[in-house]
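Heads up: the structure comes next, in structure tokens.
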Amino acid sequence: MAETYPHKEVIEKTSIYLPEVATLREKRPMTPFDTYFSFELRDHSLGHRPGQFAEISIPGIGEAPISVSSPPATDNRFEMVIRKVGTVTSAIHSLEVGEKVGVRGPYGTSFPMEALKGSSLLFICGGIGLVPARSAIKYALEHRDDYKNISILFGCKDPAQRLFVDELEQWKQRDDIVFYETVDTTDLSTYLEMSHMDLSYRGPVDEWKSKKWKDNVGVITTLFPKLDYVDPRETYAIVVGPPVMYKFAIMNLHDMELSDDHIILSLERRMKCGVGKCGHCQIEDIYVCQDGPVFYYNDISYIKGVI
Amino acid sequence: MKIQKILLGDKMEKILQKKTLPDWVNKLKNYQIIAPVQNENHWDFQILSDPSRIKLDYKNTILSPKKFIFPQREVFFRFRSDEQSSYDLQENLPEEKPAVIFGVRPCDARALTLMDKVFGGDMQDPYYWKRRNATILIGLGCNHPPSENCFCTSVNGSPFSREGLDIMLTEMGDTYFVESISKKGEQLIRQAEALFKNPKEADKSEKKQLKSRAEKEISRKIPNIKNIPSKLETMFDSDFWNEESLSCIRCGICTYLCPTCHCFDINDEIKSNFPIEGERVRTWDNCQFPDFTMHSSGHNPRPDRAARLRQRILHKFQYFVKLYQTYQCTGCGRCVSQCPVGIDIIEILNKVDAR
């Protein structure tokens with residue numbers, strides 16, 4: 001069963017709380033809140049698998065668990081897209097290229113890309129959920145021949161919050177995958193009202209003020225009817241999004257007759273230690289940081305309050 | 001028996017005059033001596049500056065000795081970072097002298113064996129284990145329940161449980177009946193062998209009687225504890241948690257005093273802004289605080305006090321049982337005695353059973 005279960009690696013280090021040092025090599029804003037970062041470790045690769053996370057820290061500010069958004073790499077680089085929401089993520093946003101961060105990880109389970117070989121993949125990504133999913137999407141596209149159909153559904157709040165816009169455009173152009181996206185609303189007036197908020201980047205807001213959104217409008221589940229027949233026996237859904245999305249996405253997948261063991265999701269909980277000790281991310285008898293964040297839904301559907 | 005002998009050595013049974021306890025302690029020069037010390041109206045475990053003033057005539061301490069293995073605040077590492085974007089880390093593994101803790105109540109020693117499960121496993125916590133392995137625990141059996149809220153016998157414990165202890169002391173008049181439980185304990189007795197006498201048959205039978213009498217004196221009980229984990233499984237959505245938690249003022253004293261609670265937070269504390277110098281620090285944290293599970297987006301999977309009380313009870317009596325086949329509670333009664341609004345875990349579990 002080890003093959004088919006989300007991967008978990010036993011990490012051998014002297015202190016599980018001591019970070020390594022990585023250097024910020026590239027940084028560019030993506031949305032009003034989210035910025036892309038590329039970090040480089042000194043002498044080895046992070047060694048992560050798609051869906052895993054790492055604890056990023058700034059000395060004097062603290063640590064935060066962040067999903068890795070690049071696919072597994074052989075070089076020392078890894079990418080993250082970080083939303084500016086708390087003290088640590090704000091401090092990371094203020095870093096300049098060449099500055100250092102602490103890195104612990106990678107931690108947690110990953111999307112079982114090996115076990116999914118030969119199957120069709122249906123990615124359902126809401127908002128910033130695209131960040132961990134992108135690691136798996138890029139992996140699947142790099143190994144395109146290993147999978148049957150690949151479909152990607154992406155929904156976010158409004159056009160200014162779209163992530164990896166260049167890649168979205170490429171996915172849209174490809175004829176060997178299916179890609180649909182939607183926005184909840186095209187109304188950008190909230191940003192104009194949010195003058196009190198410290199937006200890290202106004203670019204896409206200004207862009208979409210003058211440009212008209214011509215693609216779909218509506219929550220992500222409105223994209224499901226656009227899909228051709230999805231064979232529930234050979235398709236695995238990979239679902240990553242905000243807490244509110246899971247319930248509705250799973251309802252739709254059940255309507256498509258996908259069983260719970262064909263639904264793979266990545267859960268979000270407040271985490272602190274990343275190594276299953278501190279108790280913050282506990283849901284019943286599971287620790288999201290160690291037993292997750294990636295789960296087959298049938299393994300956790302018994303848990304009340306899990307989604 | 002032979003294997004047991006190799007592992008544990010000869011189990012020693014000795015008699016020590018109470019008045020010679022300080023003499024024994026004085027022989028243990030290579031150790032820090034920790035024991036209960038009276039502070040105004042309560043007793044608390046402290047490192048003795050003058051070990052010869054050791055006195056074990058307390059009932060129970062306000063906090064368990066957990067804090068010497070898993071301190072309320074501890075430094076993981078020190079960091080220094082200057083403008084040239086260097087980032088120097090200096091690990092801070094515990095280097096304290098080995099310690100002997102005298103007067104550990106059996107429930108508190110058992111509690112450490114439960115903490116061992118959390119801090120062990122695939123991801124060993126080096127800070128915890130360095131202290132744990134350098135600490136010898138000398139228990140003091142409970143001839144009478146130290147608190148009116150003791151309920152160790154309901155959670156597989158006993159006033160004379162040996163789990164987690166290296167030596168057990170039983171108070172008998174002017175003497176202690178001393179039993180070695182581990183090899184470490186045996187060596188500690190051998191360091192002052194002349195102080196100890198061999199027990200007579202009468203001493204042994206007196207000790208046995210004390211034990212059975214002590215168990216009978218425990219008045220608070222959860223008679224059907226075995227049914228609790230499966231009952232709790234059906235009660236996640238029950239309004240019961242709302243009713244039981246109405247009076248909670250989320251002060252968190254229940255988990256703060258708990259000898260088995262292990263949740264913690266990790267934060268940076270700085271001493272200088274330029275260059276940035278400071279420490280990454282672990283501190284006890286508390287599942288009864290609203291921000292314990294709050295995401296930075298504002299979403300909170302455990303949004304109210306009902307959900308938080310439920311978490312405390314279900315963690316101890318359902319989730320931990322599923323993970324480790326034992327309750328995460330040793331029946332010390334501190335959370336019951338010290339709750340300012342009278343939330344009583346024994347009463348709650350008996351109500352669960354009655355449903």
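In what follows, every chain begins at residue 1, and chains take the letters A, B, ... in the order their sequences are listed.
With a 4.5 angstrom heavy-atom cutoff, Gln318(B) touches chain A only via side-chain atoms. Interface residue Phe76(B): only side-chain heavy atoms are found under 4.5 Å from chain A. Residue Glu277(B) does not touch chain A at all, counting heavy-atom pairs closer than 4.5 Å. For a residue to count as touching a neighbouring chain, one of its non-hydrogen atoms must lie under 4.5 Å from one of that chain's; by this rule Ile58(A) touches chain B with the backbone only. Of the atoms belonging to His262(B), heavy atoms from both backbone and side chain fall under 4.5 Å from chain A. For chain B, the nearby parts of Glu268(A) are the backbone and the side chain; heavy atoms of each come within less than 4.5 Å. Looking at Arg302(B), the atoms closer than 4.5 Å to chain A (heavy atoms on both sides) all sit in the side chain, from C-beta outward. Only the side chain of Asp237(B) comes within less than 4.5 Å of a heavy atom of chain A; its backbone N, CA, C and O stay farther away. Of the atoms belonging to Asp88(B), not a single heavy atom falls under 4.5 Å from chain A.
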Given the rule in the side-chain contact (heavy atoms from CB on, under 4.5 Å) test, do Ser297(B) and Val85(A) qualify, once you have shown the distances and angles that lead to the verdict?
CA-CA 7 Å; Ser297(B) 66; Val85(A) 275; 5.6 Å; no
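In plain terms, the two heavy atoms of Phe292(B) and Arg270(A) that are nearest each other are O-CD, 3.4 Å. A pairwise comparison of heavy atoms in Gly60(A) and Phe79(B) identifies N-CZ, 3.1 Å as the closest pair.
When the candidates Gly86(A), Pro59(A), Gly279(A) are compared by the number of heavy-atom contacts under 4.5 Å with chain B, Pro59(A) comes out ahead. By number of non-hydrogen pairs under 4.5 angstrom with chain A, the leading residue of Tyr128(B), Phe77(B), Phe320(B) is Phe77(B). Most heavy-atom pairs under 4.5 Å with chain A: of the set Asp268(B), Leu314(B), Thr293(B), this distinction falls to Asp268(B). Listed options Asn267(B), Ile270(B), Leu93(B), Asp125(B) were ranked by heavy-atom pairs under 4.5 angstrom with chain A; first place goes to Asp125(B). Note on Val101(A), Thr89(A), Thr23(A): by heavy-atom pairs under 4.5 Å with chain B, the leading option is Val101(A).
By the 6.0 Å contact criterion, CZ on Arg250(B) is open, its count of non-hydrogen atoms from other residues, nucleotides or ligands being 12 or less. Remark: Asn273(B) CG is loosely packed, at most 12 non-hydrogen atoms of other residues, nucleotides or ligands lying under 6.0 Å away. Within 6.0 Å of atom NZ in Lys157(A), 12 or fewer heavy atoms from other residues, nucleotides or ligands are found, so the atom counts as exposed in its surroundings.
Using a 4.0 Å cut-off between charged side-chain N and carboxylate O, Arg280(B) and Glu63(A) make a salt bridge.
Of the inter-residue distances, the one linking Ile276(B) atom CD1 with Ile61(A) atom CD1 reads 7.0 Å to the nearest 0.5 angstrom. With rounding to the nearest 0.5 Å, the separation of NE2 in His299(B) from CZ in Arg269(A) is 6.0 Å. Atoms NZ and SG, from Lys272(A) and Cys263(B) in turn, are 13.0 Å apart once rounded to the nearest 0.5 Å.
Between the side chain of Asp285(A) and the main chain of Tyr319(B), no donor-acceptor pair closer than 3.5 Å is present. A donor-acceptor pair is defined here as one N or O able to donate and one able to accept, closer than 3.5 Å; such a pair exists between the side chain of Lys277(A) and the backbone of Met123(B). The closest donor-acceptor contact from the side chain of His280(A) to the backbone of Cys287(B) lies at 3.5 Å or more, if one exists at all.
Side-chain contact check for Pro19(A) versus Leu89(B): some heavy-atom pair is nearer than 4.5 Å.
Aromatic ring pairs are classed by plane angle as parallel below 30°, tilted from 30° to 60° and perpendicular above 60°; the pair Tyr17(A) and Tyr127(B) is tilted.
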